[in-house]
Protein chains: 2
Amino acid sequence: MKGGPIDPLVCPMSYTVSIVGGKWQWVILWLLYNEKVQRYGELKKRLSTISHKMLSQQLNSLEFEQLIHREEYPQIPPRVEYSLTEKGETLIPILKLMAMWGGQNGSQAHIE
Amino acid sequence: MKGGPIDPLVCPMSYTVSIVGGKWQWVILWLLYNEKVQRYGELKKRLSTISHKMLSQQLNSLEFEQLIHREEYPQIPPRVEYSLTEKGETLIPILKLMAMWGGQNGSQAHIE
DNA sequence: CAGGATCCTATTTGATACTG
DNA sequence: CAGTATCAAATAGGATCCTG
């Protein structure tokens, strides 16, 4: 049980935060799950302080990790919808607890 | 309930990640809880890739948020032990789930 | 509407040195 | 041992322009 330094490939907590470690990721996943916000523009509106570039990056990252699915509808104007994958859905219990914790510990004084 | 941008005062997930949002925080809390690693030097050894400065900053941040307690023993050489506060302990269910998720989705090995 | 490319600044981070 | 201070390097982030 004691031993050497934490190996990122071996410590399960390190692995988790390496996959979904940013603050934006958690909030994006939460919106996808809890509020069924799915479209790019809608996410952008909800996350009013996120930049265009940042949102794209975070979505790309989540898609790369196979936590979200990107469905593109070939239309003019284009329409894209994001949703949790099966793997992403395995995070739901964590999302629920995190949101509950935030709710209980005072989201009152917080800026986004 | 739906519609406008996220109300900064109301989004509980945003609050949570603003309090404990960094990857290091989660791992540090996990070590404090799960492995009873408490001393500064011990944490530094376990988190081999963290820099000296970063560890200090993260610990200061966690202490500022009242998630961990810093106990200093006036000795030569000095001895400092960190532990979860009551507030910090309310995060344990989240820590457990995150670590479990990492164990199931990432590497085969667990630290237990 | 969705989002990539680019430029440029701000913040974070790491190495190193120093202190009680 | 357990930190803090400082400076340079690396990285993240925002604003803007461009495309299908």
Side-chain angles (χ1 to χ4, degrees), chain A residues 2 5-6 8 14 17-29 31-32 36-65 67-84 111-112, chain B residues 2-6 8 14 17-29 31-32 35-65 67-83:
Chain A
K2 301 300 282 294
I6 283 190
S14 296
V17 295
S18 75
I19 296 299
V20 50
K23 55 174 262 181
W24 290 119
Q25 269 107 329
W26 290 112
V27 180
I28 289 170
L29 291 171
L31 289 180
L32 290 182
K36 279 72 183 175
V37 177
Q38 293 187 316
R39 296 189 60 175
Y40 181 91
E42 188 68 14
L43 287 168
K44 180 70 185 68
K45 278 182 203 152
R46 303 284 290 175
L47 302 167
S48 57
T49 63
I50 199 174
S51 72
H52 174 48
K53 178 183 174 183
M54 188 52 41
L55 179 54
S56 288
Q57 286 178 347
Q58 303 295 293
L59 289 171
N60 284 337
S61 173
L62 289 170
E63 187 187 6
F64 178 79
E65 299 296 347
L67 297 175
I68 66 175
H69 170 71
R70 181 178 183 277
E71 185 72 34
E72 185 173 355
Y73 299 88
Q75 308 174 349
I76 302 292
R79 174 188 182 86
V80 175
E81 290 189 353
Y82 293 92
S83 56
L84 295 184
I111 299 183
E112 182 133 15
Chain B
K2 303 290 287 295
I6 282 189
S14 295
V17 295
S18 75
I19 297 300
V20 48
K23 51 175 265 182
W24 290 118
Q25 269 107 327
W26 290 113
V27 180
I28 290 171
L29 291 171
L31 288 180
L32 291 181
E35 302 201 38
K36 279 74 183 174
V37 176
Q38 294 186 314
R39 297 189 60 174
Y40 181 91
E42 188 69 12
L43 287 167
K44 180 69 185 70
K45 277 182 204 152
R46 303 286 291 176
L47 302 166
S48 59
T49 63
I50 200 174
S51 72
H52 189 43
K53 178 184 176 184
M54 186 56 37
L55 178 55
S56 289
Q57 287 179 348
Q58 303 296 294
L59 288 171
N60 285 338
S61 172
L62 289 170
E63 188 187 4
F64 177 81
E65 299 296 347
L67 297 176
I68 65 174
H69 170 71
R70 180 178 184 278
E71 185 72 33
E72 184 171 355
Y73 299 88
Q75 307 174 350
I76 302 291
R79 174 186 182 88
V80 174
E81 290 189 352
Y82 294 93
S83 55

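The sequence lines fix the lettering, A, B, ..., with proteins before strands; numbering per chain opens at 1.
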Checking all strands, does Ser56(B) fall into the base, sugar-phosphate, or nothing category for heavy-atom contacts under 4.0 angstrom?
base
Of the candidate nucleotides dG20(C), dT13(C), dC1(C), which contains the atom at the shortest distance from the side chain of Pro78(A)?
dC1(C)
Write down the distance between CD (Glu81(A)) and P (dA2(C)), rounded to a whole number of angstrom.
9 Å
Separation between CH2 of Trp24(B) and CG of Leu47(B), rounded to the nearest 0.5 Å
5.5 Å
In Å and rounded to the nearest 0.5 Å, what is the CD to NZ distance from Glu42(A) to Lys36(A)?
14.5 Å
When rounded to whole Å, the CD to P distance for the pair Gln58(A) and dA2(C) reads 18 Å
Quick note, Arg39(A) side chain, CB onward, closest among dC7(C), dA2(C), dG3(C) is dA2(C)
With a 4.5 Å heavy-atom cut-off, do Ser83(A) and Gln38(A) have their side chains touching?
yes
Along DNA chain D, first and last positions that approach a heavy atom of chain B under 4.0 Å
dC1(D) to dC7(D)
Side chains of Ile50(A) and Leu43(A), heavy atoms from C-beta outward: is any pair under 4.5 Å?
no
Below the 4.0 Å mark, does dG4(C) have OP1 or OP2 next to a side-chain nitrogen or oxygen of Tyr40(A)?
no
Rounded to whole Å, how long is the line connecting atom CD of Gln75(A) with atom P of dC1(C)?
13 Å
Using 0.5 Å steps for rounding, measure from the OH atom of Tyr40(A) to the NE2 atom of His52(A).
4.0 Å
Rounded to whole Å, please give me the gap between CG in Leu59(A) and C1' in dC1(C).
14 Å
So which one's nearest nucleotide on DNA chain C is more toward 5', Arg70(A) or Ile50(B)?
Arg70(A)
Compare the minimum distances between each of dG3(C), dT13(C), dG4(C) and the side chain of Val80(A), then state the nucleotide with the smallest one.
dG3(C)
For Lys44(B) and dT13(C), give me the distance from atom NZ to atom C1', rounded to whole Å.
13 Å
Among dT13(C), dA17(C), dG3(C), the one nearest any side-chain atom of His52(B) is dA17(C)
Is it the case that more than 12 heavy atoms not belonging to Phe64(A) sit under 6.0 Å from its CZ atom?
no
Closest-nucleotide 5' rank along DNA chain C - winner of Gln57(A) and Lys53(B):
Gln57(A)
Rounded to whole angstrom units, what separation is found between the CD atom of Glu72(B) and the P atom of dT19(C)?
19 Å
Could you tell me the separation between the NZ atom of Lys23(A) and the P atom of dT11(C), rounded to a whole number of Å?
13 Å
Could you report the tightest heavy-atom contact between Arg39(B) and Pro78(B), atom names first, then the distance?
NH2-O, 4.0 Å
Could you check how far CD1 of Ile28(A) sits from C1' of dG3(C), rounded to whole Å?
14 Å
Heavy atoms only, 4.0 Å cut-off, all strands: where does Tyr73(B) land among base, sugar-phosphate and nothing?
nothing
